[in-house]
*Asks:* 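Just passing along the structure, written as structure tokens.
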Amino acid sequence: MAEVRVRFAPAPTGFMHVGNLHTALFNWLFARSQGGKFILRIEDTDELRFTPEAVQVIYDGLRWLGLDWDEGPDIGGPCAPYVQSERLAGYQETVQQLLDEGKAYECFCTPEELEERRELMRARGLPPRYDGRCGELDEAERQKFRDEGRASCIRFRVKQTGTTVINDLIQGEVAYENSLIADGIIQKTSGFPTYHLACVLDDEAMGITHVIRAVEHLPNTQLHLQLQEALGIQPPQYAHLPLVLGPDRTKLSKRHSAVSVVEYAEMGYLPEAMFNFLALLGWSPGDEQEVLSREEIIKRFSLEACSSSPSVFDLQKAEWLNGEYIAALAPEELAQRVLPFLVEAGLFEAEPSEKRMIWLGQVCNLMKERIKLLTTFTTWARYFFTDDYEYEDRAREKWLSREDTPDKLDMLADRLDALESWNVDSVEAAVRGLAEELEVGAGQVIHPCRAAVTGTTIGPSLFHLLEVLAQGDVVARLRRTAALGRAGQLRPRKHA
RNA sequence: GGCCCCAUAGUCUAGUGGUUAGGACUCCGCUCUUUCAAGGCGGCAGCACGGGUUCGAAUCCCGUUGGGGCUACCA
């Protein structure tokens, strides 16, 4: 059997939302699961919308998710170039051939005229499509238009009888009436091909075996199939993926917040979590497993298992998945991931020593099970990095505003200060010792201590977090908090 | 408007004629006790509707409704 070759062919518009990435991912997964090739092709046939930076956005998105391509604009390959604007001569040659064979014709209608006629037809309740009038012109009439200086585009003469049947790997068999489509433009006045022509030609030239794209292209496939027939091209297999919708249930676009995939990185999502999450949109391994590694997904992926119904991109579940991935990360790995966020927040040096990274790993070890996004780490773990943290209202209410708290904190500070070794056990002994002496439950010391040292009522095991903090800092924080308490400055600020 | 696609809880999904309709997220409750935003346990909530076919339909067919896509010199 021939090698599987698939492609991801985005238009460089400056946007790379999750819908695009989803398509790229499924192509990549199919290629990898089949031992085939994943090709990146840039479809920049829309001169008006093209921006050079947009190509970079595509690279960034694919790289972030870890989707490597085997052939593409930057790395070349046997079918180079992989940018359509560099393949113009080939398209034009084919257009000429179709023209010569009478399968295509010049159309002299201007965009304004076309729009006007469409309006008119709509007003009459008729389908607003091109009537094919320029296809009836004889050479003399065409020459007359040319002499008038009218510009022309090229239209493909579509079949007007019968039906075109698409055997789609995901959507099944779909039939379209040929009489319902108009002669499509294959070459614009500018000489650039339209998507339809360029796509069909390049898929052929690049040996694409499976066209896996979003279902919005399903209706276009009718035209593509006819083009292929006219050109004697063996069509590839088609697999049209269901759309990924925004929360408003419409096709994802720049209107939705999800403009660029890089935003998810900035929001604190792990690429491996997003990979897993996106794979589960429209595909399922068939059993109840949901947290799957990249390797497992590749191994179990198939187009047959892809759903044909659209899905809504809902970050809630992605966040949960992200938390699962964070919790599973080795502490030192999490330290690396979290470092840029800490640096950004001004809580950590940009080039830390090995020792500092080990320490950061300890903090991560304490926090990783409760963090859902990398960004929350900088707020939830703030007290590990600075003495400048807030005393939350809840902490003030429950413990810090209590009259007996300052004394307790000072007593604990003395005991901790006197400790010769600083570790979980010694710290725990000191805390419990004080509780015993005061004849109160351990919680009566633990809670005020946590509130004083972290400013909050929640977090990891107190003894473990104290161990990670420096002895001197802990003692200072306890004394500072005690003083503030006595001064009446730790009363709740808000009242419910 | 025309054509096409889709339809299991708020969301992601399993399910291909016989299941108490399964799992996950969210939410809620309980629990653990050193706190919860963590862990454990439990709960709420679903086959869009109407007709068929069948001994029997989430599952097959038709219709309706709803949603979406296409109908561009965008892709």
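In what follows, chains carry the letters A, B, and so on, assigned in the order in which the sequence lines appear, proteins first and then strands, with residues in each chain numbered from 1.
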*Asks:* Return the 5'-most residue of the pair Ile371(A), Arg450(A) with respect to RNA chain B, ranking by each residue's nearest nucleotide.
*Replies:* Arg450(A)

*Asks:* From the list G10(B), G69(B), A75(B), which nucleotide is the closest neighbour of the side chain of His217(A)?
*Replies:* A75(B)

*Asks:* Using the side-chain heavy atoms of Glu43(A), tell me which of these nucleotides is nearest: A75(B), U13(B), C73(B).
*Replies:* A75(B)

*Asks:* Among G69(B), C12(B), C73(B), which nucleotide sits nearest the side chain of Pro219(A)?
*Replies:* G69(B)

*Asks:* Grab the CG-P distance between Asn167(A) and C5(B) for me, whole Å please.
*Replies:* 13 Å

*Asks:* Choose from G69(B), C5(B), U26(B) the nucleotide whose nearest atom is closest to any side-chain atom of Thr250(A).
*Replies:* G69(B)

*Asks:* What does A7(B) pair with, Watson-Crick or G-U, if both distances are under 3.5 Å?
*Replies:* U65(B)

*Asks:* Starting at the 5' end of RNA chain B, which residue's closest nucleotide do you reach first, Lys372(A) or Ser307(A)?
*Replies:* Ser307(A)

*Asks:* Scan every strand shown for a Watson-Crick or G-U wobble partner of C70(B), both distances under 3.5 Å, and answer none if you come up empty.
*Replies:* G2(B)

*Asks:* Of the candidate nucleotides C4(B), G23(B), A75(B), which contains the atom at the shortest distance from the side chain of His196(A)?
*Replies:* A75(B)

*Asks:* Can you tell me the pairing partner of U53(B) across any strand shown, Watson-Crick or G-U wobble, with both distances under 3.5 angstrom?
*Replies:* none

*Asks:* Quote, to the nearest angstrom, the C1' distance that separates C49(B) from G67(B).
*Replies:* 15 Å

*Asks:* Indicate yes or no: does Glu119(A) engage Arg122(A) in a salt bridge with an N to O separation below 4.0 Å.
*Replies:* yes

*Asks:* Side chain of Asp46(A) only, please: which of U11(B), C74(B), A24(B) is the nearest?
*Replies:* C74(B)

*Asks:* Of the nucleotides C12(B), C5(B), C73(B), which has the atom closest to the Glu290(A) side chain?
*Replies:* C12(B)

*Asks:* Can you tell me the pairing partner of C47(B) across any strand shown, Watson-Crick or G-U wobble, with both distances under 3.5 angstrom?
*Replies:* none

*Asks:* Please pick, from C73(B), A75(B), A38(B), the nucleotide with the shortest atom-to-atom distance to any side-chain atom of Glu369(A).
*Replies:* A38(B)

*Asks:* C41(B) pairs with which nucleotide, Watson-Crick or G-U wobble, both distances below 3.5 Å?
*Replies:* G29(B)

*Asks:* Between C4(B), A24(B), A75(B), which nucleotide gets closest to the side-chain atoms of Trp320(A)?
*Replies:* A24(B)

*Asks:* Between U59(B) and U19(B), how far apart are the two P atoms, rounded to whole Å?
*Replies:* 13 Å

*Asks:* Is the shortest side-chain N/O distance from Lys188(A) to OP1 or OP2 of A75(B) below 4.0 Å?
*Replies:* yes

*Asks:* Expressed in angstrom and rounded to an integer, what is the separation of His447(A) atom NE2 from C36(B) atom C1'?
*Replies:* 11 Å

*Asks:* When rounded to the nearest 0.5 angstrom, what is the spacing between CD in Gln187(A) and CG in Leu88(A)?
*Replies:* 8.0 Å

*Asks:* For a ring pair (Phe, Tyr, Trp, His ring centres under 6.0 Å) with Phe26(A), tell me which candidate from Phe275(A), Trp283(A), Phe38(A), Phe301(A) qualifies.
*Replies:* Phe301(A)

*Asks:* How far does CG of Leu223(A) sit from CD1 of Ile186(A), to the nearest 0.5 angstrom?
*Replies:* 8.5 Å

*Asks:* G22(B), U34(B), G1(B): which one has an atom nearest the side-chain heavy atoms of Glu288(A)?
*Replies:* G22(B)

*Asks:* Provide the closest heavy-atom pair for Thr189(A) versus Cys153(A) in the form atom of the first, atom of the second, distance.
*Replies:* N-CB, 3.8 Å

*Asks:* Which distance, rounded to the nearest 0.5 Å, do you find between the CZ of Phe8(A) and the CG of Asn27(A)?
*Replies:* 8.0 Å

